[in-house]
Amino acid sequence: MKRIGMLTSGGDCQALNAAMRGVVKCLSCSGEPVEIYGFLEGYKGLIYGNFRMLTGADFSGILTKGGTILGSSRTPFKLMREPDENGLDKVEAMKQNYYKLRLDCLVILGGNGTHKTANMLREEGLNVVTLPKTIDNDLWGTDMTFGFQSAVNIATDCIDCIHTTAASHGRVFIVEVMGHKVGYLTLNAGMAGGADIILIPEIPYDIKKVVDAINKRSERGSKFTILAVAEGAISKEDAALSKKDYKKKMAEYKYPSVSYEIAEKIQKKTGLDVRVTVPGHTQRGGSPCPYDRVFASRLGAQAGRMILNGEYGFMVGYKNREIVKVPLEDVAGKLKMVEPDSDIIQEAKMLGISFGD
Ligand code: F6P
């Protein structure tokens with residue numbers, strides 16, 4: 001008999017349910033009796049002992065369902081060692097709930113923050129297996145995270161829709177893409193949607209170069225320009241600021257997001273009509289795309305196999321087209337970012353895409 005605790009933590013994404021279903025299907029197909037304890041709303045459920053016992057029926061029909069059947073929440077790693085408002089030691093509480101339920105392991109689905117806590121629980125002696133979820137694809141140790149391809153599809157659809165209206169009105173359009181501090185989502189959706197300018201955090205932009213690229217298009221007779229701008233895009237000036245000065249600037253920031261600042265500057269410098277579209281959380285919503293359904297199911301199946309083998313302390317990742325086990329201590333606290341001199345950036349430049357650098 002295997003007793004497994006499961007939780008989904010951090011911002012949700014597509015294919016969380018597909019991944020959990022994969023784990024449970026693999027375990028039940030093995031013939032090993034299994035009990036699944038689903039902790040609700042991420043680590044909160046584990047801290048406060050808020051769980052539901054799940055059966056095969058709970059995992060039926062969820063391959064295509066977005067969101068997470070367990071709910072999710074953000075429980076910042078930096079606050080984990082601080083007692084809650086009632087003085088509860090959160091780490092001790094998580095351990096006690098684990099031992100009280102006599103769990104063999106925890107299956108934790110999450111992104112960067114989630115992995116820091118998962119690794120801490122491993123260091124505290126709990127058996128943990130994790131699965132890499134995030135639309136940002138910024139998790140170290142895996143070439144791909146589930147949710148990413150679905151989000152690329154949605155952001156691309158948005159750019160496609162903007163293309164037709166931008167062309168009709170001869171406008172400059174900025175589509176702001178999620179991705180937190182990394183540019184994978186913007187880069188991929190931008191290229192897929194045929195954006196003319198792509199601004200990502202890894203390549204700080206010079207507004208003069210951005211304006212030059214727009215003017216060049218106008219001179220060539222193109223009536224419109226599409227920019228895919230990462231929510232974390234940063235100018236060269238801001239990137240050169242000290243952490244303290246940048247924080248100060250952001251505290252007084254008057255724009256809803258970076259795209260509006262860029263839009264204002266472009267408008268002033270070119271006199272062109274500029275509009276901003278922010279698809280926001282739609283990028284995390286809806287059904288997982290087929291790629292994510294397959295990918296998350298594969299990762300889930302491999303996690304199930306690791307549990308059957310008693311192999312703990314790993315994230316199930318994907319490297320060089322193979323599913324791999326990545327030690328949690330290697331994943332925790334590291335960010336995977338777009339390499340400014342990577343092939344894909346060079347190729348995008350060969351296609352005439354400007355990064356404003
Ligand atoms: O990490 C996923 C993500 O969607 C980021 O792309 C984005 O910056 C952030 O979460 C938004 O977080 P929240 O859902 O808390 O607003």
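What you see is a predicted model, and the numbers here were worked out from it, not measured in a lab. Whatever order the structure lists them in is the order used to number ligands and atoms, beginning at 1.
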*Heavy-atom cut-off of under 4.0 Å around ligand 1: list whichever protein residues fall inside it, by chain and number.*
R74, I135, D136, M178, G179, H180, E231, H281, R284
*Kindly give the heavy-atom pair with the smallest separation between L199 and Y205, and that separation in Å.*
CD2-CB, 3.8 Å
*Is there a donor-acceptor contact under 3.5 Å linking the side chains of D138 and N112?*
yes
*How long is the gap from CE on M94 to CG on L106, to the nearest 0.5 Å?*
9.5 Å
_Atom pair NZ (K181) and CD (E231), whose distance is rounded to the nearest 0.5 Å_ = 11.0 Å
*Measure centre to centre between the rings of F173 and F224, then say whether the value is under 6.0 Å.*
no
*Are any side-chain N or O atoms of T270 and backbone N or O atoms of N215, one a donor and one an acceptor, separated by less than 3.5 Å?*
no
